[in-house]
Asker: 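Have a look at this one before I ask anything.
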Amino acid sequence: MIPIIVVGSAFNNQFEAVLSNNFSEANRNVLQQTSVAFDLFIDGIIDVTKQAYFDEGINHFLISGDAANSVETKKIMEKLDKIKSLSQYIHSVYLYIPKDRKVISTDYGICSLEEFGDTQFLNWYESDSRNLVLEETREIPHYKGSTQKDDVFSVYTKLPFTNTTDFRGALIVNIGQSLVYKEVMDKLKVKEDVSLFVLNKKDEIIISNDNKNIYKNIYSMNYFQEKMIGENGDFVTSMNDRPYLVAYTHMDKRDWTYVYMYPMEEIYSTIHMINSLILYLSILLFLLGSIISFLFTFRTFKPVEELISFIKQKTQMKEGGARQLGGVKAAVLELFQDNEDMKQKLEMTLPVYKEKFLQGLIHGSGFQEKEVEAKLNSFAIDIPLENLILAVFQVDDYEEALDRWGGNGYLMNFSMHNVLQHISLQKNSKFFSVDLDSESMAAVFGIQQLKMGELLKILKEMQETLHHILGISVTIGVCDHETGIGKLGESYYNAKEVLKYKILYGKKEILLFSDIRQEQEHTFIYPYDKVELLKNYIKVCDEESALKELKEVLEKISPKDMASYQSVYQMIIQLNNSMMNLLNEVNIQLEVIYYGNMIENMMKMKSMVEIEVFFTRVIRKIISILLTNRESKMDRYFQNIMDYIQNHYMMELSLEALSEAIHISPSYINQILKKNLDKTFIQLLNDVRINKAYEYLLRGDMKIKEVAEKVGFSSSAYFIKIFKEIKGITPGQLKQ
């Protein structure tokens, strides 16, 4: 009884501190999740801004546009509205035009800087050297002089966004602080009576559920006097006569501190419950001790010896020492310890076995129905054995998505599973999901009570939630033929085949097996005429016409009503072969244009957009090299033309004779002269002849007729006419 009393008292005295520490640790975990959620939202807005500041239309407008031009301004307004519509958390968007001292905004249209209510960005634009800045929470008025204000974050970007310091304006994207706060708290399922603050490096509150607290230093609040020391910590304080447990953690990414205040009532309730449990256990141990004492007092060893023998068999206890009550204690403790070790090992391996079992189901590993049913029960998976639909979620642009998650694929996949599980629970849908590979996961739905239309709505919600909350874009392939638990392998194969049609239908789609037409007996005719026209445009370096023709060629290759992805890939390879033949024709090395395994790279493309981008780059690269080569050749040819004319101007020289002498066509000679001198061959020849004649006439020892013949003119009258046109006076006037 003495050990029971001592342990119970010690446990009771220390339990409050232990439980508080556990709650603090749990709260810091929530803060970690909160910081990740805030970072995801804000990084998403910054990504939206980056897309906008690369917009050629906006940059061109700032460089050469006119804010007074209503047509151009309307187009810019439409672009700003489009940027705002990209996220529900964007409060407003401005475009600052310094040359006109004007601001175009999504809320008030175009107005002068003097009339505009929010001009805080001017300090940054005029004095800050950084191109892109995230401005922490600030107040912006509804209009100039308005007392109504909103709290926002702002992303400031100087335009055009290049390495130059010659900026022509700025883009300002404002993020609603309260909108982001509410969304994050809703997603984390945080209770209403919990307070969350986000502090900047000056300990000023920049995010809070109460707008009255924003911009205050947290230590100015009477309930927050204890200093936060270190990166993480916790302490107890009182607010409005209620005790709160405060947990805080500092995140280096934005140099923000997250503070979480949790009411202590729940902790005290838990402590009371544990105290009651200790009391009941003490009573139980007292009764058990009394029974054992009774047995020991009356020497009734036989039942005890049988108990020892049983425990010895179960635990393989060594002989000796088992004739005393201490042997019972040792055997019981060993049995409990073995059981606890086994339980821990089982808990550690259970998720692995569960994952392997589900992957086996998806890949059709041939489990017996009774075995499947037993394992589903043991893993607590509530899914029927029939009426199942399988969908495969494939991450679009996987490498970009992985970078957004800091390269942590496990965390990204874990978050995806949580989102899918959460939505399925909301919709009361029987469901489980499992990873297939790094880029895709399978989801199985029981649809006894669901119609196909309802399931598609659930899939659409899952797709949109993954995009908006986690920043992950997915394409979903669905085998919409109901199947049984033992035939999921066939459904998985069909769903994977459907996803290959992403090359035709694009990303971020839900593709149904029943909607994808099977490969038909259709003979594709490769558009040789259009490809030849495309090659000709490339040869003459007409980039605009070449890219327009490329679009038409790709449209011919991929008609959605009859194509299969296999035939599209075959056509794409044939088009690439045409480009390689062109390189041979224009004498450009293959390695200059292509790198790596080009066939393998093309087969990895999953949309016509990617294919168009690929061939656009190839075409632009070829044209760039051809232009460079042409410039070099043209320079050499121009020098040859000038040398020949300088040496033969006194002879009867014609364009045809020059062409034959230097082996260039007459039209190309004129093209070179037009580019370099903006003159024709005849104009250049006359210039050279008249300049030489001018030198001879200045000497004064030759007659006009002699000079004309000496520089190549057969007629004196024609010589005088051309001389006056070029020099403005006649040869006779020059001699005088």
Asker: How many angstroms lie between CG in L80 and NZ in K82, if you round to the nearest 0.5 Å?
Answerer: 12.0 Å

Asker: Test H250 against T257 for side chain to side chain donor-acceptor pair (under 3.5 Å), laying out the working first.
Answerer: CA-CA 4 Å; H250 182 81; T257 301; 3.0 Å; yes

Asker: Kindly indicate whether the side chain of L402, heavy atoms from C-beta on, has any atom under 4.5 Å from the side chain of V395.
Answerer: no

Asker: Among residues at least two apart in sequence or on other chains, which ones pass ring-ring contact (aromatic ring centres under 6.0 Å, His included) with F393?
Answerer: none

Asker: Could you check whether K427 pairs with E461 (Lys NZ or Arg NE/NH1/NH2 to Asp/Glu carboxylate O, under 4.0 Å)?
Answerer: yes

Asker: Do the two ring centres, one from Y248 and one from Y258, sit under 6.0 Å apart?
Answerer: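 No, the ring of Y248 stays outside the 6.0 Å limit from the ring of Y258, centre to centre.
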
Asker: With respect to V155, which candidate in L134, I90, V93 satisfies the side chain to side chain contact (heavy atoms under 4.5 Å, CB included) definition?
Answerer: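 For V155, the side chain to side chain contact (heavy atoms under 4.5 Å, CB included) test succeeds with only one of L134, I90, V93, which is L134.
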
Asker: Using the side-chain contact (heavy atoms from CB on, under 4.5 Å) rule, take L456 and I510 through it: C-alpha gap first, then chi angles, then the decisive distance, then the call.
Answerer: CA-CA 8 Å; L456 290 178; I510 298 177; 4.3 Å; yes

Asker: Decide if atom CD of E373 counts as having more than 12 heavy atoms of other residues, nucleotides or ligands within a radius under 6.0 Å.
Answerer: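 No.
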
Asker: Measure the spacing between OH of Y492 and CD of Q359 and express it to the nearest 0.5 Å.
Answerer: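 It comes to 9.5 Å.
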
Asker: Hey, could you give me the CG/CG distance between D397 and D403, rounded to the nearest 0.5 Å?
Answerer: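 Here the rounded value is 11.0 Å.
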
Asker: What is the minimum heavy-atom distance between K496 and S440, and which atoms define it?
Answerer: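 It is NZ-OG, 4.1 Å.
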
Asker: Please tell me if the side chains of I485 and L361 come closer than 4.5 Å, counting only heavy atoms from C-beta onward.
Answerer: yes

Asker: Just by modelled atom types, is the V474 backbone N or O under 3.5 Å from a matching donor or acceptor in the Q463 side chain?
Answerer: yes

Asker: Would you indicate whether the side-chain heavy atoms of I383 and K430 approach each other to under 4.5 Å?
Answerer: yes

Asker: Should we say atom CD of E464 is surrounded by more than 12 heavy atoms from elsewhere, each under 6.0 Å from it?
Answerer: yes

Asker: Quick check: closest heavy atoms across G446 and L388, and the distance to 0.1 Å?
Answerer: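 Closest pair (atom of G446, atom of L388, distance): CA-CD2, 3.9 Å.
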
Asker: Do S424 and M462 come close enough that some side-chain heavy atom pair is under 4.5 Å?
Answerer: yes

Asker: Looking at I206, I207, T137, V198, which one forms a side chain to side chain contact (heavy atoms under 4.5 Å, CB included) with I214?
Answerer: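 Filter result, single survivor: T137.
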
Asker: Please answer whether the main-chain N or O of K508 pairs with a side-chain N or O of T475 as donor and acceptor at a distance below 3.5 Å.
Answerer: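 Present.
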
Asker: Does a side-chain heavy-atom distance below 4.5 Å link I83 with T106?
Answerer: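 With C-beta onward as the side chain, the pair stays apart.
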
Asker: Check ring-ring contact (aromatic ring centres under 6.0 Å, His included) between H481 and all other residues, then give those that pass, not counting sequence neighbours.
Answerer: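 So H481 forms a ring-ring contact (aromatic ring centres under 6.0 Å, His included) with F513.
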
Asker: Report the C-alpha separation of M441 and V392 in whole Å, then their side-chain angles, then the decisive distance to 0.1 Å, and conclude whether the side-chain contact (heavy atoms from CB on, under 4.5 Å) test is met.
Answerer: CA-CA 6 Å; M441 61 178 58; V392 174; over 6 Å; no

Asker: Just do the side-chain contact (heavy atoms from CB on, under 4.5 Å) check on S415 and L411 with the steps written out, would you?
Answerer: CA-CA 6 Å; S415 302; L411 179 59; 4.1 Å; yes

Asker: Would you mind reporting whether F153 and H91 have side-chain heavy atoms less than 4.5 Å apart?
Answerer: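 The answer is no, as the side chains (C-beta and beyond) never meet within the 4.5 Å cut-off.
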
Asker: What's the separation between atom CG in L385 and atom OG1 in T483, rounded to the nearest 0.5 Å?
Answerer: 11.5 Å

Asker: Do F357 and L376 have side-chain heavy atoms sitting under 4.5 Å apart?
Answerer: yes

Asker: If every non-hydrogen atom of R404 is compared with every non-hydrogen atom of G471, which pair is closest and at what distance?
Answerer: NH1-O, 2.7 Å

Asker: Can you see which heavy atom on E386 is nearest to which on G484, and at what distance?
Answerer: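 Scanning both residues, the minimum pair turns out to be OE1-CA, 3.5 Å.
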
Asker: Pair H467, I472 - check side-chain contact (heavy atoms from CB on, under 4.5 Å), show working.
Answerer: CA-CA 5 Å; H467 182 255; I472 300 171; over 6 Å; no

Asker: Quick one: do E610 and K507 make a salt bridge, cutoff under 4.0 Å?
Answerer: yes

Asker: How about L425 and F431: do any of their side-chain heavy atoms sit closer than 4.5 Å?
Answerer: no

Asker: Verify whether one side chain among S92 and N174 offers a donor that lies under 3.5 Å from an acceptor in the other.
Answerer: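 N174 and S92 do have a side-chain donor-acceptor pair below 3.5 Å.
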
Asker: In Å and rounded to the nearest 0.5 Å, what is the CD to CG distance from E482 to L390?
Answerer: 13.0 Å

Asker: Return the minimal non-hydrogen interatomic distance between E355 and D435, and the atom names on each side.
Answerer: OE2-N, 3.3 Å

Asker: What are the two closest heavy atoms between A391 and V478, and how far apart are they?
Answerer: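 Heavy atoms of A391 and V478 come nearest at CB-CG2, 4.1 Å.
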
Asker: Return the OG to CD distance between S154 and E136, rounded to the nearest 0.5 Å.
Answerer: 11.0 Å

Asker: Can a donor-acceptor pair be found between the side chains of N494 and S491 at a distance below 3.5 Å?
Answerer: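 No, no side-chain donor-acceptor contact under 3.5 Å.
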
